[in-house]
Amino acid sequence: MAAAAAPGGLPPNVTPATQTQEEVEFIISSFGSFLNDFSFGEVAPSSTIRPSNKDEKYYEVLCRDMQSKDRSTLEVDFMHLRKHDADLADRVQLDYYRIEPMLRTATTTFAKRIFDATPRATDDQTSLNEYNLSFYNLPEQIKLRDLKTDRIGCLSRITGTVTRTSEVRPELVLAHFQCTDCYTEQEPTEQQFKYTEPIICKNPTCANRRNWYLNIDKSKFIDFQRVRIQENSHEIPPGSMPRSLDVIVRHEMVDRAKPGDKVVFTGALVVVPDISQLSSPGERPEAVRETGARNSFAQEGVTGLRSLGVRELSYKMSFLACAVHMSDMQNGAAKMRDDSEEANVSDMDDETVKKILRMSKTPNLYQRLVTSVCPTVFGHDEVKKGLLLMLLGGVHKKTKTQTNLRGDINVCVVGDPSCAKSQFLKYVSGFMPRAVYTSGKASTAAGLTASVIKDEETGEFGIEAGALMLADNGICCIDEFDKMDIKDQVAIHEAMEQQTISVAKAGITTVLNTRTSVLAAANPTFGRYDDMKTAVENIDFQSTILSRFDLIFIIRDVRDAERDQRIARHVMSLHSGGASAEAKEGEIPLETLRRFVCFARHRCSPRLSESAARRLQDEYIRIRQRYGQENSEGGQPAIPITVRQLEAIIRISESLARATLQPVATERHVEQAVQLFKQSTEDAASRGLMMEGMTSPALIADVHKSEKAIKDRIGIGMSVPERTLVAELKERGVSEGAVRKAISVMLQRQELELRSQGKYICRRR
């Protein structure tokens with residue numbers, strides 16, 4: 001009969017064998033031979049591990065490097081094992097959980113031999129009793145929703161976004177018990193995800209089954225942490241809820257994953273008792289001993305659950321991870337900003353770094369970078385400049401009093417419908433390694449910041465990260481920002497400026513980091529931007545939230561036949577597939593642009609020159625004086641110009657210097673920053689009735705008078721020749737400019753429409 005395929009897509013003819021002594025010795029010997037014999041000739045030349053002499057083997061050098069860093073986990077590339085011994089690799093992949101102790105024994109023997117042959121750096125440096133093993137670089141990655149029972153015990157690789165992490169606790173893995181009746185030391189008892197006691201005392205004259213004393217000094221404890229991961233957004237099928245899974249990490253793998261990280265876990269799927277299903281709501285399960293006088297020698301297993309009622313013991317699947325790596329680290333861009341002093345771009349090879357440095361010396365680099373941002377969107381160059389500068393960011397600083405100065409740039413895009421606002425947000429959320437996309441209408445204050453939840457098993461309260469925490473060291477994209485409730489907008493005030501979230505709930509008082517940029521998209525108050533309304537009326541946001549945005553862009557859907565024709569041609573070329581590669585991908589490929597941004601954020605930290613600082617100071621004073629004069633004349637800007645805007649221009653200047661990898665921000669960078677600020681935030685603050693030459697209050701009154709006269713003259717559904725209408729209103733003393741402006745505004749509101757090639761005006765409503 002033909003052999004059936006192994007479960008989980010594994011190679012056929014590989015079946016678990018009975019664990020005999022011969023099998024144990026064979027696996028230990030085979031894996032030890034792999035560690036001893038694997039040479040550098042079998043490794044790709046780009047490897048970062050270098051031998052000190054030609055006779056050294058690969059994992060000997062790796063083991064010495066591990067010991068020099070005072071670590072106890074040897075990381076093995078699974079593809080190395082497959083290349084050296086394919087049969088052993090298939091056996092490890094299929095039956096990993098059962099043979100893992102044998103592999104760990106071989107690793108400990110190998111590491112101790114290397115350690116004993118290495119000269120001691122200090123006298124107190126001693127060898128560990130046991131070394132651990134982790135595999136990485138498996139050829140196949142499994143989705144969370146594809147983890148079924150046929151994968152239990154198999155070596156697998158999964159990926160997901162970390163949403164919650166528990167604190168690091170000690171876990172009892174090998175317990176030494178002592179009988180309290182006869183004081184006999186028992187054999188070590190292995191613990192399997194729950195507290196396990198000996199069945200009976202090994203003393204033949206003692207029949208104790210209950211009374212034990214745990215010898216903590218002789219027992220073995222290890223670090224233990226539970227991580228909650230969720231499916232990545234691109235892996236969720238349409239109409240489905242995201243799946244979650246608990247991941248158990250031990251030893252040196254704890255505290256490697258933080259909420260918001262996209263992480264690759266390598267390990268085995270295991271089945272553990274689901275304790276949370278045993279308890280009623282509000283109860284905490286406890287094992288209680290029976291104190292009756294009857295003989296209960298025949299009773300074994302789970303006892304003491306009678307108070308919970310008659311319930312079945314259910315199980316759940318968890319993932320026991322042996323290796324934890326950042327998923328984007330394989331692309332050389334694990335984080336856009338690292339907390340440590342070491343640059344995270346160390347994963348880039350020398351050729352990539354040289355290519356980036358050559359790119360920084362090319363002419364018109366800044367314009368090429370702008371063109372490469374969201375190339376599928378036609379036009380909107382000013383918005384693309386703002387997005388590029390947001391991706392590059394300013395320089396984070398810390399004062400002598402340890403006060404953090406924000407370097408992230410916040411951008412808000414307010415515009416008419418169908419102006420590619422959501423397209424910008426989708427592009428940025430896919431560009432950054434740590435980016436979260438959310439909608440303002442469906443988000444709450446707790447969902448954006450952090451929430452306090454109760455652990456199902458321990459009953460303790462913990463913090464679950466919100467969107468801003470998940471986007472730490474990245475960008476949080478909030479669509480439909482105008483649909484958010486006022487209380488939810490207020491909740492992100494602290495996160496946008498101080499870049500922290502203060503939590504004081506359920507006995508938990510802490511401050512969490514939210515070092516993220518915020519990219520928000522919103523519609524005007526009336527759906528479309530109305531020129532006959534002031535900027536305050538069109539942008540219905542509180543000044544406290546608007547002042548926290550460094551750049552605010554207003555996108556208008558202007559009716560222009562030539563521009564509409566170019567947009568239509570661009571859209572049709574994208575849908576028909578006839579566009580050139582440059583038009584679809586921009587002048588710089590996406591992967592190259594991502595590496596350039598990562599390199600610039602880590603290796604370039606420009607500071608303002610003295611002349612640039614003086615120029616910026618004069619520009620700020622000039623802007624303040626102009627707005628102060630408008631306030632004295634009765635005008636009120638929609639966006640207050642404060643010191644926050646001065647800091648915004650500083651961050652923009654530093655980001656412009658980063659775009660060309662310049663170590664100093666010069667006056668030219670300040671001029672470009674001020675110009676972009678005027679075209680965005682300052683323009684948004686003054687746009688409205690005072691735009692397009694309408695500087696006279698009398699002219700504004702004439703426009704309102706013309707609107708009323710047009711409505712009185714033309715009934716709903718009626719048409720009037722344009723020349724006749726303009727002539728009649730001029731006879732009433734209204735200027736022709738005010739009449740035509742009123743007609744333009746009413747056409748934009750769709751209250752009027754032109755017919756017969758623009759000769760007649762028809763009132764629609």
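Because only heavy atoms are used, hydrogens play no part in the values below, and waters and symmetry mates are left out as well, while side chains stay in.
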Would you check if there is a donor-acceptor pair between the side chains of [Y] and [X] at a distance under 3.5 Å?
| X | Y | answer |
| --- | --- | --- |
| Thr516 | Thr514 | no |
| Ser609 | Glu667 | no |
| Ser439 | Asp479 | no |

Give the C-alpha distance, both sets of side-chain angles, the deciding distance and a yes or no for salt bridge (charged side-chain N to carboxylate O under 4.0 Å, His left out) between Glu647 and Arg644.
CA-CA 5 Å; Glu647 293 181 335; Arg644 284 177 178 164; over 6 Å; no
[X] (side chain) donor-acceptor with [Y] (main chain) under 3.5 angstrom:
| X | Y | value |
| --- | --- | --- |
| Arg406 | Met496 | yes |
| Thr161 | Lys262 | no |
| Arg658 | Gly394 | yes |
| Asp482 | Ala522 | no |

When rounded to the nearest 0.5 angstrom, what is the spacing between [atom1] in [X] and [atom2] in [Y]?
| X | Y | atom1 | atom2 | value |
| --- | --- | --- | --- | --- |
| Leu389 | Asp550 | CG | CG | 10.5 Å |
| Asp381 | Gln367 | CG | CD | 6.5 Å |
| Ile545 | Cys412 | CD1 | SG | 9.0 Å |
| Leu357 | Phe599 | CG | CZ | 4.5 Å |
| Leu519 | Phe549 | CG | CZ | 8.5 Å |
| Ile478 | Lys483 | CD1 | NZ | 13.5 Å |

Exactly one candidate in Ile409, Ile475, Leu593 meets side chain to side chain contact (heavy atoms under 4.5 Å, CB included) with Leu391; the answer is Ile475
Should the pair [X]-[Y] be classified as a salt bridge under the 4.0 Å nitrogen-to-oxygen rule?
| X | Y | result |
| --- | --- | --- |
| Glu654 | Arg651 | no |
| Asp408 | Arg601 | yes |
| Glu671 | Arg668 | no |

Flag the pair [X] / [Y] as yes when at least one side-chain heavy-atom distance between them is below 4.5 Å, and no otherwise.
| X | Y | value |
| --- | --- | --- |
| Val414 | Phe481 | no |
| Ser517 | Asn410 | yes |
| Met326 | Val263 | yes |
| Asn404 | Gln498 | no |
| Gln675 | Lys385 | no |
| Gln645 | Ile649 | no |
| Asp416 | Ile555 | no |
| Leu448 | Met484 | yes |

Can you name the nearest heavy-atom pair linking [X] to [Y], along with the distance?
| X | Y | value |
| --- | --- | --- |
| Ile652 | Leu676 | CG2-CD2, 4.4 Å |
| His493 | Arg548 | O-NE, 3.0 Å |
| Phe596 | Ala659 | CZ-O, 3.3 Å |
| Tyr427 | Pro375 | CE1-CD, 4.3 Å |
| Ala673 | Ser653 | CB-OG, 3.3 Å |
| Phe424 | Val377 | CZ-CG1, 3.8 Å |

Residue pairs meeting salt bridge (charged side-chain N to carboxylate O under 4.0 Å, His left out), one or both in residues 365-375, sequence neighbours left out, come to Arg368-Glu587
Practice task
Check step by step if side chain to side chain contact (heavy atoms under 4.5 Å, CB included) holds for Thr371 and Ile588.
Solution key: CA-CA 8 Å; Thr371 307; Ile588 301 176; over 6 Å; no
message = Set out, in order, the CA-CA distance, both residues' side-chain angles and the distance that settles side chain to side chain contact (heavy atoms under 4.5 Å, CB included) for Met469 and Thr449, then state yes or no.
response = CA-CA 6 Å; Met469 280 188 62; Thr449 55; over 6 Å; no
Practice task
May I have the step-by-step check of side chain to side chain contact (heavy atoms under 4.5 Å, CB included) for Val373 and Leu369, ending in yes or no?
Solution key: CA-CA 7 Å; Val373 173; Leu369 293 173; 5.8 Å; no
Full working for side chain to side chain contact (heavy atoms under 4.5 Å, CB included) between Thr592 and Met359:
CA-CA 10 Å; Thr592 304; Met359 185 193 305; 3.2 Å; yes
